[in-house]
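What follows is a single structure, written as structure tokens, with notes after it.
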Amino acid sequence: MPAPVPRQRTLPAAESGQVHAASMNSGPTEGTPEPGTTAPHTAEHPAISTTGSTANGGAPKGGSEGAPCAEADTSTDIDSDTDTANRTGKARTRITPDSAEAAPTAPTNLTLLLIEDDPAGSPIVPTLLDRSGKPIRVRTARNLTEAERLLTDDVHCILLDLALPAPGSRPVNGANGGGGDEGDDELAVLKHVLELAPRHAVLALTASGDAERGAEAVRVGAQDYLFRDELDSRLLSRAIRYAVERKRSDSAERRLAEGRLHARENRRLERGLLPTPLLDGSPLHFAARYRPGRSRALLGGDFYDVVRTPDGTVHAMIGDVCGHGPDEAALGVELRIAWRALTLAGLSGDELLGTLQQVLEHERAHDEIFATLCTVDISPDGREAGLCLAGHPSPLLARPGQPARLLPYDDNGPALGLLPDARWPRTRVDLGNEWSLMLYTDGLIEGRVGDSGERLGQDGMVGMVRRQLTEGLRGEELLRAAVNEVRALNGGELTDDVALLLLDRVPQP
């Protein structure tokens, strides 16, 4: 839908052909008022023609067509950018009404950079207004070197003459508007500008009979193309606004696509970092559930693993690095990989945990980071286990005909990274013939219960799992139901990471 054109009550003198070009001196000077100039006044939008040339500082011919005009005494101020004029041979002029009835000029909202090397043959850019009626500021540059100096952060759009010679090319037959050597890329100058200003909207300016070149410029990266001899204030103002908005939209879509690609790469990476249990040859059944506390993440600071060593012993581990960010997640992966390597190398119990603490101390970002850990080694016959706790909640053991209960935690040692030369005793546990052993992180027990604000705690978790076991839930269904009920009791997503690991031993008949 076309944008509405701001209502103009006073036709600027620069468009009416009644303002003389500002004189250009060798040093910076302030523009002086041009007394006695008048501008026609109309109540409708004028049809403005800007196809005249401005050689020798002459103003273009123009005026309103089909609209009655009334004379109005309006003095004008002409601000000449003499610095730009000295470099480019063009005076940059802003004309503002100075009568008692005229409102003060609004602050500039958009800035246009015009890159055009032929002052005598270039189109005059008329007074332009943005959507809110504020003037669009115009800067001019004769070549890409000047354009680079003028391309500051407040420039929103670039109007580029495609006839401008490309960098390093020579004009054909001495013409100022030549496109360089015949074998040169005719859009080389546009490509250079796109590299120079990747975040700016670009409008290509070409001859009316060269629509194919303009369309190719859009394909290369310009937001739109315009014909040099068809410019007027309404068309150019609208094209600038559309180009700026289109560039913003394209940039937003690109950032969104890059964000989605980055998220997919992160998910693949995190999924690859989750453990694959090594239980070949073991009669135990394995299930796990993982839910990170970070939004849209697949991996948090919790970690777990299960391996079976050549002697038939099954080793299980679950841990929790304090914190919830990507650094904590990375440290958890490092500890898990280190635990697997040390376990397969034959370390266990206090010796293994002591070595893991050394790894943590070397890899953590600062001394305040610590990790809790629970390790269980289950004998080859599956009837007993050794338990080591490093500041971690004790596992839950369920056996047929008996209520689920927590394993002993009286000999719980400190978390890894808190105390140098710490010790972690190994507690022997009788499992029995048939059992289920659930290891978990504190995210499962630290959720709130309803509006009371109280935490679920270990006692609440034990009661919940007992009821779910009575309902016949086992394996992955049990873990899924446990996490879902904890979330429901909390009234929404849990803020902490949650990891659960379940090992079942069911004797063969």
Side-chain angles (χ1 to χ4, degrees), residues 274-275 287-295 297-305 316-325 327-329 331-333 335-336 339 353 356-357 360 364 368-376 387-398 404-419 422 424 427 437-450 452-466 468 478-503:
L274 290 173
R289 189 78 174 170
Y290 196 97
R291 194 176 190 90
R294 289 185 295 138
S295 174
L298 293 180
L299 197 64
D302 292 1
F303 54 97
Y304 65 87
D305 204 353
M317 172 272 293
I318 196 165
D320 181 5
V321 177
C322 67
H324 313 291
D327 293 338
E328 289 75 12
L331 181 56
V333 172
L335 292 176
R336 178 186 66 77
W339 176 88
L353 292 177
L356 281 181
Q357 174 159 283
L360 171 66
R364 63 186 176 184
E368 288 74 20
I369 292 180
F370 62 90
T372 66
L373 198 70
C374 168
T375 66
V376 176
L387 172 67
C388 288
L389 297 174
H392 200 87
S394 181
L396 181 144
L397 176 65
R405 63 179 178 86
L406 297 176
L407 293 183
Y409 49 86
D410 296 337
D411 290 332
N412 195 341
L416 302 181
L418 291 183
L419 299 176
W424 297 273
T427 302
L437 185 64
M438 188 177 81
L439 286 64
Y440 54 93
T441 57
D442 59 5
L444 185 68
I445 60 178
E446 291 187 350
R448 305 290 180 177
V449 180
S452 64
E454 296 181 0
R455 297 190 182 275
L456 177 64
Q458 286 184 292
D459 292 340
M461 183 269 297
V462 171
M464 177 187 69
V465 174
R466 283 177 179 175
Q468 292 169 344
L478 174 64
L479 301 185
R480 185 182 303 110
V483 173
N484 289 340
E485 184 167 340
V486 169
R487 289 177 58 218
L489 292 172
N490 189 60
E493 280 296 339
L494 302 169
T495 58
D496 199 2
D497 305 325
V498 178
L500 295 92
L501 186 156
L502 185 66
L503 291 171

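Please read these numbers as outputs of a predicted model, since none were measured by experiment. When a residue number appears, it is its place in the shown sequence, counting from 1.
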- Task: Test Leu373 against His392 for side chain to side chain contact (heavy atoms under 4.5 Å, CB included), laying out the working first.
- Result: CA-CA 5 Å; Leu373 198 70; His392 200 87; 5.5 Å; no
- Item | Pairwise distance OG1(Thr372) to CZ(Phe370) - rounded to 0.5 angstrom | 7.5 Å
- Taking the side chain as every heavy atom from C-beta outward, state whether Arg336 and Pro275 have any atom pair closer than 4.5 Å. yes
- side chain to side chain contact (heavy atoms under 4.5 Å, CB included) between Leu500 and Leu444, worked out: CA-CA 8 Å; Leu500 295 92; Leu444 185 68; 3.7 Å; yes
- Could you pull out all residues at least two apart from Thr375 that satisfy side chain to side chain donor-acceptor pair (under 3.5 Å)? none
- From OG1 (Thr495) to CG (Asn490), nearest 0.5 Å: 7.0 Å
- Please assess Glu493 against Arg487 for the test salt bridge (Lys or Arg N to Asp or Glu O under 4.0 Å), listing each intermediate value before the final yes or no. CA-CA 6 Å; Glu493 280 296 339; Arg487 289 177 58 218; 2.9 Å; yes
- Query: When you look at Asp305 and Trp339, which way does the side chain to side chain contact (heavy atoms under 4.5 Å, CB included) test go after all the steps?
  - Reply: CA-CA 8 Å; Asp305 204 353; Trp339 176 88; 3.7 Å; yes
- Item | Main-chain N/O of Asp302 paired to Glu328 side chain as donor or acceptor, under 3.5 Å | no
- Query: Can you find a pair of side-chain heavy atoms, one from Leu389 and one from Asp411, that are under 4.5 Å apart?
  - Reply: no
- Task: Could you please spell out the steps behind the side chain to side chain contact (heavy atoms under 4.5 Å, CB included) verdict for Val465 and Glu485?
- Result: CA-CA 10 Å; Val465 174; Glu485 184 167 340; over 6 Å; no
- Heavy-atom closest contact (Leu501 atom, Ala316 atom, distance): CD2-CB, 4.4 Å
- Task: Ignoring hydrogens and angles, tell me if any N or O in the side chain of Asn412 forms a donor-acceptor pair with the backbone of Gly391 under 3.5 Å.
- Result: yes
- At what distance, to the nearest 0.5 angstrom, does CG of Leu494 lie from CD1 of Ile445? 12.0 Å
- Answer yes if the side chains of Tyr440 and Gln458 hold a donor-acceptor pair under 3.5 Å, and no otherwise. yes
- Query: Just by distance, do the side chain of Glu454 and the backbone of Val449 share a donor-acceptor pair under 3.5 Å?
  - Reply: no
- d(Leu353 CG, Cys374 SG) to nearest 0.5 Å is 10.0 Å
- Item | Gly417 backbone acceptor or donor facing Arg364 side chain under 3.5 Å | yes
- Query: Side-chain contact, heavy-atom cut-off 4.5 Å: Val321 with Phe303?
  - Reply: yes
- Below 4.5 Å, heavy atoms only, C-beta onward: do Arg455 and Met461 meet side chain to side chain? no
- Note on the structure: Rounding to 0.5 Å, atoms CZ (Arg289) and CG (Leu479) come to a distance of 8.0 Å
- Message: Counting only heavy atoms not in Asn484 (residues, nucleotides, ligands), do more than 12 fall under 6.0 Å from its CG?
- Response: yes
- Query: Is the backbone of Gly300 close enough, under 3.5 Å, to the side chain of Tyr290 for a donor and an acceptor to pair up by distance?
  - Reply: yes
- Message: A side-chain contact here means heavy atoms from C-beta on lying under 4.5 Å apart; do Trp424 and Pro414 qualify?
- Response: yes
- Message: Quick check: do Leu437 and Val376 have side-chain heavy atoms less than 4.5 Å from each other?
- Response: yes
- Query: Quick one: CG on Asp327 to CD1 on Ile369, what's the gap to the nearest 0.5 Å?
  - Reply: 7.0 Å
- Query: How about Arg448 and Leu489: do any of their side-chain heavy atoms sit closer than 4.5 Å?
  - Reply: no
